[in-house]
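Some notes on the structure that comes next.
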Amino acid sequence: MLDHLIEEYGDQVALQQQQIQRLNEDITHRYNEIKRLESRIQEFKMLRDEFQKQFEEKV
């Protein structure tokens, strides 16, 4: 009886640990995506500034 409960609880612990691992991987993926998007924002800002500078030089 107790062995069965120990095994069952052990299985539940393992399942919870797997879920935590998946969540951590998802968080890491989302963090990397945020960093990529922020980098693109900076690229677009630089491009915008360069276009603005070129436009002002022509006017």
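These numbers come from the heavy atoms of this one structure, side chains and all, not from hydrogens, waters or symmetry mates.
Checking side-chain atoms of T28 against main-chain N and O of N24 turns up a donor-acceptor pair under 3.5 Å.
The pair D49-K53 does not meet the salt-bridge criterion, since no charged nitrogen lies less than 4.0 angstrom from a carboxylate oxygen.
Rounding to the nearest 0.5 Å places CD of E56 at 12.5 Å from NZ of K58. Between the CG atom of D3 and the CE atom of M1 there is a distance of 11.0 Å, given to the nearest 0.5 Å. For the atom pair NE2 (H4) and OH (Y9), the distance works out to 10.5 Å, reported to the nearest 0.5 Å. Rounded to the nearest 0.5 angstrom, R30 CZ and L23 CG are separated by 10.0 Å. Once rounded to the nearest 0.5 Å, the distance linking CG of L37 with CZ of F44 reads 9.5 Å.
When each of Q19, Q17, Q12 is paired with L15, the side-chain contact (heavy atoms from CB on, under 4.5 Å) condition holds for Q19 and for no other. Test Q42, E38, R36 against R40 for side-chain contact (heavy atoms from CB on, under 4.5 Å) and you get one pass: R36.
More than 12 non-hydrogen atoms from other residues, nucleotides or ligands lie less than 6.0 angstrom from CZ of R22.
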